[in-house]
Protein chains: 2
Amino acid sequence: MEQAGICQISTVEAVMNVIGGKWTFPILCNLLRGDSRFTEIQHHLDGISPKMLSRRLLELTENGIITRNVIPELPPRVEYRLTAKGKDLRPLFQAIGTWGTTWNITETSTAQ
Amino acid sequence: MEQAGICQISTVEAVMNVIGGKWTFPILCNLLRGDSRFTEIQHHLDGISPKMLSRRLLELTENGIITRNVIPELPPRVEYRLTAKGKDLRPLFQAIGTWGTTWNITETSTAQ
DNA sequence: CAGCATCCGGAACGATACTG
DNA sequence: CAGTATCGTTCCGGATGCTG
């Protein structure tokens, strides 16, 4: 049962440091689905504060997962789009979705 | 709302509530590689405290991802093994590993 | 060996108000 | 519209010590 190559602990830890925030996955979900604007994303994520959304978007930008395009018009318009690196996350989300659906993970299972 | 099936936000959030802890992924990595004993896992994860390992293992047990087998001998021996549900996480870890390797995610990229 | 109890710090998160 | 500023809170995780 030894297949060390399948999951390097250091890699998994590093990846989680990049996309492991509470809202990061939901945000990326939206972007994968085609959303791009700040308010659009905010509206689809019930409960997120503008502060956290802003922070996570900045973080994702710094990590090269999304790009931030400011379109100079009135009212101001900013579009966030996935880079190739970001789009490459799709299989990961599919895996999450498949697992969650297969095992019917729907509630915030309480532990601890 | 195109390709909504690929990543349901609620599903992703729920899944992350189950396996989104700081140490959960590294722990599962170990179990996928074949480790099973408390100390064994602890030794492979540099820096984890027994408290957190214990807490995460309990959580994973409660969520049906691993089983806890107490073997009554001296010294006491406890084995943690993945359930079918847990083993089914393998594709998810492969996706993480693939993405992390492809884009060379190695450091704890600091943002914020 | 395999944990649990307790205390504690700091990061992450949340709510609200305000701005270019 | 797309954020920033400020404040307050929660909770994860670290350190240590003790038990069967």
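All chains are named by letter (A, B, ...) in the order of the sequence lines, taking the proteins before the strands, and each is independently numbered beginning at 1.
Set against D:dC1, D:dG3, C:dG3, the side chain of A:R68 has D:dG3 as its closest nucleotide. In the set D:dG3, C:dA2, D:dG13, C:dA2 carries the atom at the smallest distance from any side-chain atom of B:F38. Distances were taken from every side-chain heavy atom of B:Y80 (C-beta onward) to each of C:dG3, C:dC1, D:dG13; the shortest belongs to C:dG3. The side chain of B:T39 lies closest to C:dC1 when the candidates are C:dC1, D:dG13, C:dG14.
Each of B:T83, B:D88, B:N63 was checked for a side chain to side chain donor-acceptor pair (under 3.5 Å) with A:W103, and the lone residue meeting it is B:D88. Applying side chain to side chain contact (heavy atoms under 4.5 Å, CB included) to A:I96 and the options B:I19, B:V12, B:L89 leaves one that passes, B:V12.
Taking side-chain N and O atoms only, A:R37 has a distance below 4.0 Å to OP1 or OP2 of D:dA2. Between A:W23 and C:dA12 there is no side-chain polar atom (N or O) within less than 4.0 angstrom of OP1 or OP2. Between C:dC13 and A:R56, a contact under 4.0 Å exists linking OP1 or OP2 to a side-chain N or O.
Rounded to whole Å, atom P of D:dA2 lies 9 Å from atom CD1 of A:I41. The CE-P distance, from B:M16 to C:dC13, rounds to 12 Å in whole Å. As a whole-Å value, the separation of B:L57 CG from D:dG13 C1' is 15 Å. Rounded to a whole Å, the CD atom of A:E59 is 14 Å from the P atom of C:dA11. The interatomic distance linking A:L58 (CG) with C:dA12 (C1') rounds to 16 Å, in whole Å. Taking atom CD on A:E40 and atom C1' on D:dG3, their separation rounds to 16 Å, with Å as the unit. Spacing between atom CE of B:M52 and atom P of C:dG3 amounts to 15 Å, rounded to whole angstrom units. Taking atom CD on A:Q42 and atom C1' on D:dA2, their separation rounds to 9 Å, with Å as the unit.
Counting only heavy atoms from C-beta outward, the side chains of B:N30 and B:R33 approach each other to under 4.5 Å. A:K85 has its side chain within reach of B:I105: a pair of non-hydrogen atoms, C-beta onward, lies under 4.5 Å apart. Taking 4.5 Å as the limit, every side-chain heavy atom of A:I66 sits out of range of all side-chain heavy atoms of A:I27. With a 4.5 Å cut-off on side-chain heavy atoms, A:N69 and A:R81 do not count as touching.
Over its full length, the helix from C:dC1-D:dG20 to C:dG20-D:dC1 turns its helical axis through 50°, comparing axes from the five pairs at each end and rounding to 10°.
When atom types are taken as modelled, the side chain of B:W99 and the backbone of A:R90 share no donor-acceptor pair closer than 3.5 angstrom. Side-chain N or O atoms of A:T24 include none that pairs as donor or acceptor with a backbone N or O of A:G20 at under 3.5 Å.
Scanning all heavy atoms of the two residues, the minimum distance from A:M52 to A:I48 falls at CB-CG1, 4.1 Å.
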Next item on the list: Let me have a per-nucleotide readout for nucleotides 15-20 of chain C, 5' to 3', with B, S or -, counting only protein heavy atoms under 4.0 Å.
Entry: B----B
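Annotation: ring pair (Phe, Tyr, Trp, His ring centres under 6.0 Å) contacts involving residues 28-70 of chain B, sequence neighbours excluded, are absent.
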